[in-house]
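Below is one structure, written out as structure tokens; the observations come after it.
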Amino acid sequence: MPELPEVETFVRGLRPLVGATIRRVEVLDPRLELSGRAVAGSVIEAVERRGKYIVFHLSGGRILMFHLRMSGRLARTCPDNEMRFVRLIVELDRGEIYFINPRRLGTVCLSSDGFPHRLGIDPFDDEFSPDCLTRIVTASRMPIKSILIDQRRLAGLGNIYAAEALWHARIDPRRPGAGLNEDEVARLREAIVDVLTRAIEHMGTTTGDTVLDYRDTGGRRGGFQAYLAVYGRQGEACPRCSEAVERIVQGGRSTYLCSRCQR
DNA sequence: GGTCCGACCTGGCAGC
DNA sequence: TGCTGCCAGGTCGGAC
């Protein structure tokens, strides 16, 4: 499930392609709203991450944006058993980029008018201070976990890292954001940055071993799953207090927590 | 305006 | 072995 660390890992794997020319784009899924001819001949001038978007800056001032959603990924090579999930191939003057999108939830779009989505602050932005997070979380009575994964408020967090950050900050994901005090918000900010930083260092989280699970642009698994405290560990002992990790459902999504040490 | 919830999508997997 | 139904979750749009 690509969240900020996985998307950042993709971007780092794609940066060597800066300067490459797009020779041809083969759109294999008609549901993707992209004309291959519109980008052929463009030069990749930069690759960056915006929240969970992978953004290619092309010559002519245009940007090509991918959102991987749940199971999408960009790869420099594609194994034979995954070719049936390739929805788009970008042929460059040095190599290819495969858009592997098994559930067809991932999207791609081209813009001539800059980045078109309204995103909240990035946790690695210099302005992401304790005060900044306080303004975000105390403005809503929604459960704090729902606030953290709302991309209009905070860009980049998803189900895995929101659960992990809340565990590290010892905060119950069901509490209303507006009910958090100054110390708790400061702890939460520190936990968010720390969890994301470590996950990037480990090239993201790969929870399973199927075509749906995350791999980087070279097909390698992430390594942060070994450091998850609660996500996907229902029934296992909390690493801090040994209480069994619980799974609850919030907004139709699984949330994992330790009810004893998250208050 | 804020909040909640269903739909989208489809491979994997458990249960029968 | 094959079928059925549930689960996964980021985003969007509609309802309240």
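All values reported here derive from a predicted model rather than from experimental measurement. By convention in this document, chain letters (A, B, ...) are assigned in the order of the sequence lines, proteins followed by strands, and residues within each chain are numbered from 1.
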Checking side chain to side chain contact (heavy atoms under 4.5 Å, CB included) for the pair Leu166(A)/Gln262(A): CA distance, chi angles, key distance, verdict?
CA-CA 8 Å; Leu166(A) 286 163; Gln262(A) 287 178 258; 3.9 Å; yes

Give, ordered by number, those residues of residues 205-215 of chain A having at least one heavy-atom distance below 4.0 Å to an atom of DNA chain B; if nothing qualifies, reply none.
Thr210(A), Val211(A), Leu212(A)

Do Tyr256(A) and Met70(A) belong together in a cluster built from hydrophobic side chains that touch within less than 4.5 Å?
yes

Under the side chain to side chain contact (heavy atoms under 4.5 Å, CB included) test, residues paired with Glu96(A) that sit two or more places apart
Ile89(A), Glu91(A), Tyr98(A)

Residues forming a ring-ring contact (aromatic ring centres under 6.0 Å, His included) with Phe99(A), sequence neighbours excluded
Phe66(A)

Please write out each protein N/O paired with an N/O of nucleotides 1-5 of chain B under 3.5 Å, distance rounded to 0.1 Å.
from: dT3(B); atom 1: OP1; to: Ser140(A); atom 2: OG; distance (Å): 2.9
from: dT3(B); atom 1: OP1; to: Arg141(A); atom 2: N; distance (Å): 2.9
from: dT3(B); atom 1: OP2; to: Ser140(A); atom 2: OG; distance (Å): 3.0
from: dT3(B); atom 1: OP2; to: Arg153(A); atom 2: NH2; distance (Å): 3.2

Close approaches to DNA chain B from residues 75-88 of chain A, in residue order (heavy atom, under 4.0 Å):
Phe85(A)

Do NZ/NE/NH1/NH2 and the carboxylate oxygens of Glu82(A) and Arg84(A) come within less than 4.0 Å?
no

Name all residues meeting the side chain to side chain contact (heavy atoms under 4.5 Å, CB included) criterion together with Asp29(A); count only those two or more places apart in sequence or in a different chain, and write none if there are none.
Arg31(A), Leu32(A), Arg87(A), Arg104(A)

Interatomic distance, Ile100(A) CD1 vs dT10(B) C1' [rounded to whole Å]
16 Å

With sequence neighbours left out, write down each residue that passes side chain to side chain contact (heavy atoms under 4.5 Å, CB included) with Cys109(A), or none if nothing qualifies.
Met65(A)

Per-nucleotide protein contact along nucleotides 5-12 of chain C, 5' to 3', at a 4.0 Å heavy-atom cut-off (B base, S sugar-phosphate only, - neither), is ---BBBB-

Indicate yes or no for a side-chain donor-acceptor contact from Thr206(A) to the backbone of Gly222(A) under 3.5 Å, with no hydrogens or angles considered.
yes

Donor-acceptor pair, side chain of Gln151(A) and main chain of Gly156(A), under 3.5 angstrom
yes

Check against salt bridge (Lys or Arg N to Asp or Glu O under 4.0 Å), Asp213(A) and Arg73(A)
CA-CA 9 Å; Asp213(A) 295 300; Arg73(A) 60 191 183 94; over 6 Å; no

Residues that Ala186(A) engages under side chain to side chain contact (heavy atoms under 4.5 Å, CB included), provided they are two or more places apart:
none

Taking ILVMFWY side chains as joined if any heavy atoms are under 4.5 angstrom apart, and letting links pass through other members, which residues group with Leu257(A)?
Ile248(A)

Enumerate, in order of first residue number, the stems that involve DNA chain B, defined as 3 or more consecutive Watson-Crick or G-U wobble pairs with both distances under 3.5 Å.
B:2-16 with C:2-16

Is it true that Arg50(A) and Asp122(A) have a side-chain N and a carboxylate O under 4.0 angstrom from each other?
no

Give a yes or no on whether the ring-centroid distance for Tyr231(A) and Tyr161(A) is below 6.0 angstrom.
no

Not counting sequence neighbours, list each pair that qualifies as a side chain to side chain donor-acceptor pair (under 3.5 Å) and has a residue in residues 178-191 of chain A.
Arg175(A)-Glu184(A)

